[in-house]
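Structure first, then comments.
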Amino acid sequence: MIVLHGLGDSMEGYRWLPQALRLPWLSYLLVNAPDPYYTGFSWYDLDGDPGPGIERSRKLLFELLDRVRGEGFPAEKIVVFGFSQGCLMSIEIGARYPHRLAGIVGISGYVHEPERLVRELSPEARQQRFLITHGPYDPLIPIDRVRAQMEMLRQAGLRIDWREFAKAHTIEGELEVSAVRGFVNDSYV
């Protein structure tokens, strides 16, 4: 599992995840975003045009996936997990990476330019499995916007398992972690 953090966080913020998921057979690669942001990192710029940063980060993540595949981990055995900005990057990977992955987990994020994303889907995108979660109390990314984006992606043929949890911009404890655990387990059956 490749783990992508949110804005201002780092891989250190996800050291708890392997223990919480309780999947001892799964290896984890926690990744820092490329841009410094206060005491953490950022995948793209929120203040200006996010597009160039998203494209650069996507390219870097594609290179990482290619390296991991080159080290003997087949694409179909890799899950990408992301929170907030990391969720957006996970969706980008799932929709655009030219190899089918085991699964994409995106928590409390959104899609950048969903119409363009639909036009540029990789040939493998409709074979990917996505678990996307969000909460109605998220003050940073309103859920109505994300619901509409997920429906657009579903209409384009993406296999999205959409789940809502009574939460703000966070991971909702064991309830949400157990949904992720089940999705990841099912990804390897």
Side-chain angles (χ1 to χ4, degrees), residues 1-7 14 29-31 33-35 42-46 49-70 73-135 138 140-164 169 171 176 179-180 183-184 186-188:
M1 175 181 280
I2 296 175
V3 179
L4 311 177
H5 61 76
L7 177 66
Y14 287 83
L29 179 58
L30 309 179
V31 181
D35 297 329
S42 173
W43 294 102
Y44 53 89
D45 183 11
L46 275 183
D49 177 9
I54 291 169
E55 290 175 20
R56 186 215 46 222
S57 289
R58 183 177 67 234
K59 181 179 182 288
L60 291 171
L61 290 168
F62 279 16
E63 290 170 0
L64 173 64
L65 284 164
D66 290 344
R67 267 197 316 275
V68 169
R69 288 178 44 242
F73 294 92
E76 63 273 8
K77 298 290 184 185
I78 299 171
V79 170
V80 178
F81 170 105
F83 176 78
S84 194
Q85 277 198 352
C87 172
L88 183 146
M89 296 310 307
S90 296
I91 294 168
E92 284 280 321
I93 290 168
R96 298 176 187 269
Y97 192 60
H99 303 279
R100 188 181 62 76
L101 301 169
I104 302 293
V105 176
I107 297 175
S108 296
Y110 64 101
V111 180
H112 176 67
E113 298 181 341
E115 295 85 2
R116 179 177 171 198
L117 185 72
V118 166
R119 287 192 310 270
E120 298 175 356
L121 292 175
S122 79
E124 296 296 323
R126 290 177 180 89
Q127 303 307 311
Q128 301 284 14
R129 295 177 63 248
F130 293 80
L131 171 64
I132 307 295
T133 68
H134 211 85
D138 191 326
L140 301 177
I141 304 170
I143 194 168
D144 291 340
R145 172 183 168 204
V146 182
R147 276 188 196 125
Q149 290 178 340
M150 291 307 115
E151 186 54 34
M152 176 187 291
L153 296 182
R154 279 182 172 158
Q155 293 295 321
L158 295 188
R159 299 169 53 197
I160 295 174
D161 180 354
W162 168 260
R163 301 203 196 169
E164 296 181 18
H169 195 71
I171 297 173
E176 193 166 8
V180 172
F183 176 83
V184 171
D186 292 346
S187 298
Y188 290 93

Got a second to check how far [X]'s [atom1] is from [Y]'s [atom2], nearest 0.5 Å?
| X | Y | atom1 | atom2 | value |
| --- | --- | --- | --- | --- |
| Leu65 | Ile2 | CG | CD1 | 4.5 Å |
| Leu29 | Leu64 | CG | CG | 5.5 Å |
| Glu120 | Arg96 | CD | CZ | 4.5 Å |
| Ser90 | Ile132 | OG | CD1 | 7.5 Å |
| Leu131 | Ile107 | CG | CD1 | 7.0 Å |
| Asp66 | Tyr97 | CG | OH | 3.5 Å |

Hey, does [Y] have a side-chain heavy atom less than 4.5 Å from the side chain of [X]?
| X | Y | result |
| --- | --- | --- |
| Asp138 | Ile143 | no |
| Glu92 | Leu117 | yes |
| Tyr44 | Leu88 | yes |
| Leu101 | Val79 | no |
| Ile171 | Val180 | no |

State which residues pass side chain to side chain donor-acceptor pair (under 3.5 Å) with [X]; sequence neighbours excluded, sorted by chain then number.
| X | value |
| --- | --- |
| Tyr14 | none |
| Gln85 | Ser42 |
| Ser57 | none |
| Gln149 | none |

Identify, with sequence neighbours excluded, every residue that meets ring-ring contact (aromatic ring centres under 6.0 Å, His included) alongside [X].
| X | result |
| --- | --- |
| His112 | none |
| His134 | none |
| Tyr188 | Trp25 |
| Phe83 | His169 |

So which atom in Ala102 and which in Arg129 form the shortest heavy-atom distance, rounded to 0.1 Å?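 Minimum heavy-atom contact is O-NH1, 4.0 Å.
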
Heavy-atom pair of closest approach, residues Gly6 and Ser84: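 So the minimum-distance heavy-atom pair works out to CA-CB, 4.1 Å.
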
Trace of the salt bridge (charged side-chain N to carboxylate O under 4.0 Å, His left out) decision for Arg163 with Glu176: CA-CA 9 Å; Arg163 301 203 196 169; Glu176 193 166 8; over 6 Å; no

For [X], check side-chain contact (heavy atoms from CB on, under 4.5 Å) against everything at least two apart and list the hits.
| X | result |
| --- | --- |
| Arg154 | Glu151, Ile160, Trp162 |
| Glu63 | Lys59, Leu60, Arg67 |
| Ala148 | none |
| Glu113 | Arg116 |

From Leu61, Asp35, Ile54, residue fulfilling side-chain contact (heavy atoms from CB on, under 4.5 Å) relative to Trp43: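 Among Leu61, Asp35, Ile54, the one that satisfies the side-chain contact (heavy atoms from CB on, under 4.5 Å) with Trp43 is Leu61.
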
Given Arg69, which of Lys77, Glu76, His99 fulfils the side-chain contact (heavy atoms from CB on, under 4.5 Å) condition?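 Exactly one pass, corresponding to His99.
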
For atom CZ of Phe62, decide whether the heavy atoms of other residues, nucleotides or ligands shown that lie under 6.0 angstrom number more than 12.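 Result for CZ/Phe62: enclosed.
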
Intermediate values then yes/no, side-chain contact (heavy atoms from CB on, under 4.5 Å), Met150 and Leu158: CA-CA 9 Å; Met150 291 307 115; Leu158 295 188; over 6 Å; no

Take Met152 and Glu115, measure what side-chain contact (heavy atoms from CB on, under 4.5 Å) needs, and give me the verdict at the end. CA-CA 8 Å; Met152 176 187 291; Glu115 295 85 2; 3.6 Å; yes

State whether the side chain of [X] and the backbone N or O of [Y] hold a donor-acceptor pair below 3.5 Å, judged by distance alone.
| X | Y | answer |
| --- | --- | --- |
| Arg126 | Ala156 | yes |
| Gln128 | Ala95 | no |
| Arg58 | Ile93 | no |

Quick one: do Asp144 and Arg147 satisfy side-chain contact (heavy atoms from CB on, under 4.5 Å)? Show the steps, please. CA-CA 5 Å; Asp144 291 340; Arg147 276 188 196 125; 2.7 Å; yes

